[in-house]
Amino acid sequence: MLAVVLAVVVFAAGSITAQAASENPVIAGTATTWQYVDNGVHPADGWQTSGVVTGADWKSAAGSFGAKRGEIASLGQNAAGKDCMPKTLLTQYKSDGSGDDIPVYFFRTTFDVADVSAVKAITGSVDYDDAAIVAINGQVIGEFDNHTKDGADPIYGTDNYGGSNASDPKTGEVNFTDVAKLNLKPTGNVISVELHNGRASSSDIYLDVTNLTLETSVDPTDPDTPDKPAKAGVKNVFVNIGSDETQRNFNWLSTATGAGKVQYAVVPSAFKAGDELPADGVKTVNASRTDGDPVSAGYATYRATAAGFAASTTYAYRVGSDDEGWSSTYTFTTQAQGSGGAFSFLIAGDPQIGAGGNDEQDGAKWDVSINQAYAQVPNASFLLSVGDQVNKTGAATLRQQAQYDLFAKPAAMRSLTLATDVGNHDAGSVLYTSHYNLPNLSNYGASKAGAESADYWFTYNGVLFMSLNSNTSDLSAHQFFMEQAIAANPKATWKVVTFHHAPFSVASHYSDTQIKNLRANLTPILSKLGIDVVLTGHDHYYTRSYMLDANGNPSTSAAEKYTYGNGSDAAPTEVTNPVDGDVLYITADSASGSKYYALNDSLGGKYPNYSAYSWQQNNPSIIVADVTENSFSLKMYQTEDDNTQVAQWTPIDSFTITRKSDQPSTPDTPSTSDTPNAPNQPGTPNVPGGTDNNGANQNGGNWNGNMTGKADNGHANQVSSSKSGKKLPQTGDTFPVGPVIAVAVVAAVAIGLGVYLKTRKN
């Protein structure tokens, strides 16, 4: 079953007919016309079930609806960072002159369903202030803060005040599966919403049904399904990263019930897109099968690992079986191989399909961005997505599965090798594990997202990549995992750590307790282990740090080696031979444009001293990494215009770390003969992750506002020469002569005394 969107929020004409998603995408709330009552008069019985209602109290308009102190004004932002500005003004105050708020408002609209039997669930999102209860044909499908002020009694069906009284509108997620109770019919189904004010003196009221969707079953052989096998349905095919550059892990979902396989072959020169798998030289690898989560509705997970892929070669592949059908044939191309060999890879921050409130629209923007990146960098060895592939949090739902479908939909996703981090929006659902097949999984870091959410590592041309699940807060366990991975790869040319929650960010999450903990406690661990580059997401605001020392401060010794491009006040664009313990931290912006954050209010319009360059233009972006044995270069590009969804490839920022062969870096690599210490129990007491907390906490760490400017502009900061903490020892440091001589004299006396005593005894 494909979770297919059939918009049921209604429209200027009054109703719509549900169709397949490929024919009719989600309709946002602003395209819907509602009948509503905003004078406090309770409608007559039947308003939630009758196909038609009339009366002078009923008005008609499109959402969103609301008021702030009786006028149109912003009520703040919802959890996704969207500004909640009413489009239709509601009457806020009673007409009796008391100045009290109207306690309850009533909304309704209708929709039609072409095939009632096909509907399997209702999903959607509602932004509200202070309480909202949503029903279809009188059956409640979502209730949000349905309680009296400071109490537990339900307010649904009453004229009482109640709800959260939160300062900003909240978002409620609808996921209703008991469809039989809705008594759906071909025409005249009624969506109704009760909206309650929190108290008589509440300053505002708000409602925006951003989307409401019928989920239906679909024939897997439908020509509009992304993959079109002969028999069994196959979808969400991923070529995941393998243990090294010669290996690939395959993962896909299928309605097949038997064994599955991967078949692949070298592409002949005459091969073109859409051709069948070449007849000669085909290799076959058996796959394992795991029953899917119930919301997968018949789709099981298949996994296989294939090795021995040659360098600079294009392969065609397909997944499935002779008995139950094959997927379409796809291709991927390998690049140069071997330690020290040059390669490129792509970095995508927070696709988070669905965060914009319209899943299909977010999916379309992701499609433009990732296909554009692949077109510009066709030699990319893999794509690293640094977490939050989808937006829907918590246990697996049909809508969450639909968001995974959209994440997998771009054609480039069948040709790009994929590596993923688990984000806080991925962490609560086993659907994360259903979709990915990752190498060298450890026993550390696994969360409610299943086994594939554990810390894992891989190498590519001698570079060691270590992925941490930053939703789990036991830093001692993460440290132990990294020590093991480094010990297993003592000749790694570069060491890269990647995880979701950015410790050195500048936007909404800058002041989160969890982020401040990572900044204070993970930073010295990464420096101690000789990590070169850290790649993260989460904060939806591109930020590149200076080379930072173990205290999280710009490294003075590294700054002295920076090559400045436009004078002393320009952001550095490269560093040569950074000292041991210096680390570069990257926070990626959204690659899909589903959600952006602004500069954190607590920073007062300035940037922390660790930020060398920050950029926010509310446009999707992708980072390209070019790696050789002696250089690690990162270039960030804007991939499309967020308003027009027109692809572009505009360079924004770049930075290169270079190691000259006559002065190699000597990172602090643990000896392979040492057994790493087991993690302390119960581990460092940190704040649990997994929540997208935008709360305003106290500032963490010390920062200096070096430059002022707008939040949407890149900026350059001066490197401060003053530092807290002790500097790591460096090559060329000298020691005081006196203590050295004293130690030598004591040693000589001790040796002489030993010889004398031994001679006397003999």
Side-chain angles (χ1 to χ4, degrees), residues 238-251 262 285 303-311 315 332-348 379-387 389 413 416-422 432-433 435-446 449 451-470 478 480-500 526 529-537 586 623 625-629 632 667 669-670 672:
F238 291 116
V239 182
N240 285 139
I241 197 75
S243 290
D244 61 27
E245 62 271 20
T246 69
Q247 187 181 96
R248 295 295 187 275
N249 289 347
F250 295 84
N251 200 94
V262 175
V285 177
R303 289 190 175 90
T305 297
F309 291 102
Y315 291 88
F332 69 88
T333 302
T334 61
Q335 306 304 319
Q337 295 180 354
S339 182
F343 69 99
S344 300
F345 66 97
L346 304 174
I347 303 158
N379 65 332
S381 294
F382 59 91
L383 165 68
L384 171 65
S385 179
V386 292
Q389 281 65 231
M413 296 299 283
L416 279 167
T417 297
L418 178 66
T420 58
D421 293 326
V422 56
Y432 180 87
T433 283
H435 284 84
Y436 309 119
N437 180 9
L438 302 169
N440 298 316
L441 286 165
S442 73
N443 294 321
Y444 306 108
E452 300 297 314
S453 68
D455 296 352
Y456 72 95
W457 63 267
F458 62 94
T459 62
Y460 204 97
N461 287 8
V463 179
L464 173 61
F465 293 85
M466 293 169 281
S467 171
L468 310 181
N469 182 351
S470 54
H478 292 314
F480 187 57
F481 158 74
M482 289 186 286
E483 289 172 347
Q484 289 183 317
I486 292 169
N489 298 277
K491 296 183 179 180
T493 55
W494 299 90
K495 294 194 285 290
V496 180
V497 170
T498 175
F499 53 89
H500 182 62
L526 297 171
L529 294 177
I531 305 305
D532 298 295
V533 178
V534 174
L535 304 172
T536 61
I586 298 291
I623 301 169
D626 297 310
V627 187
T628 70
E629 184 174 15
F632 200 112
T669 303
T672 56

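Predicted model only: the values in this text are computed from it and were never measured.
- Note: Phe458 and Phe382 meet the aromatic proximity criterion, with ring centroids under 6.0 Å apart.
- Shown here for Ala380 and Leu346, the closest heavy-atom pair between the two residues is CB-CG, 3.8 Å.
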*Yes or no on side-chain contact (heavy atoms from CB on, under 4.5 Å) for Val534 and Phe499, after CA distance, side-chain angles and deciding distance?*
CA-CA 8 Å; Val534 174; Phe499 53 89; 3.6 Å; yes
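- Within the 4.5 Å cutoff, the side chain of Thr305 has no heavy atoms near those of the Phe250 side chain.
- Considering only heavy atoms from C-beta on, Leu529 stays 4.5 Å or farther from Lys495 through its side chain.
- Between Glu452 and Thr420, every side-chain heavy-atom pair lies at or beyond the 4.5 Å cut-off.
- For the pair Gln337 and Asp244, the minimum side-chain heavy-atom distance is 4.5 Å or more.
- With hydrogens and angles ignored, the 3.5 Å screen pairs no side-chain donor or acceptor of Ser453 with any backbone N or O of Ala446.
- Closest non-hydrogen pair, Thr417 versus Ser381, comes out as CB-O, 3.5 Å.
- In this structure, Trp457 has no ring-ring contact (aromatic ring centres under 6.0 Å, His included) partners at least two apart in sequence or on a different chain.
- The side-chain heavy atoms of Met413 and Leu383, taken from C-beta on, include a pair separated by under 4.5 Å.
- Rounding to the nearest 0.5 angstrom, the gap separating the CG atom in Asn437 from the CZ atom in Phe238 is 12.0 Å.
- Separating the OG atom in Ser467 from the NE2 atom in His478 is a distance of 9.5 Å, to the nearest 0.5 Å.
- Looking at heavy atoms from C-beta onward, Phe465 lies out of side-chain contact with Ile241 at the 4.5 angstrom threshold.
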_The test is side-chain contact (heavy atoms from CB on, under 4.5 Å); show your working for Ile586 and Ile623 and say whether it passes._
CA-CA 10 Å; Ile586 298 291; Ile623 301 169; 3.7 Å; yes
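- In this pair, Phe345 and Phe632 present their aromatic rings perpendicular. The plane angle is above 60°, beyond the 30 to 60° band.
- A centroid separation of less than 6.0 Å is found between the aromatic rings of Phe332 and Phe309.
- Residue Ser339 comes nearest to Thr493 through the heavy atom pair OG-CG2, 3.9 Å, listed as atom of the first residue, atom of the second, then distance.
- Rounding to the nearest 0.5 angstrom, the gap separating the CG atom in Asn461 from the CD atom in Glu245 is 4.5 Å.
- Between Val386 and Leu535, the shortest heavy-atom distance links the atoms CG1-O, 4.2 Å.
- Listed here is the closest heavy atom pair of Pro439 and Tyr456: O-CB, 3.1 Å.
- Separation of atoms CG (Asn249) and CG (Asn240) is listed at 6.5 Å; rounding is to 0.5 Å.
- The CG atom of Asn440 lies 12.0 Å from the CE atom of Met466; values are rounded to the nearest 0.5 Å.
- Looking at heavy atoms from C-beta onward, Val463 lies in side-chain contact with Trp494 at the 4.5 angstrom threshold.
- Not a single donor-acceptor pair under 3.5 Å links the side chain of Tyr444 to the backbone N or O of Met482.
- Taking CG of Asp626 as the reference point, atom CG of Asn379 lies at 8.0 Å (rounded to 0.5 Å).
- Judged by distance alone, the side chains of Asp455 and Ser442 never bring a donor and an acceptor atom under 3.5 Å apart.
- Taking each heavy atom of Ala304 and Val262 in turn, the nearest pair found is CB-CG2, 3.7 Å.
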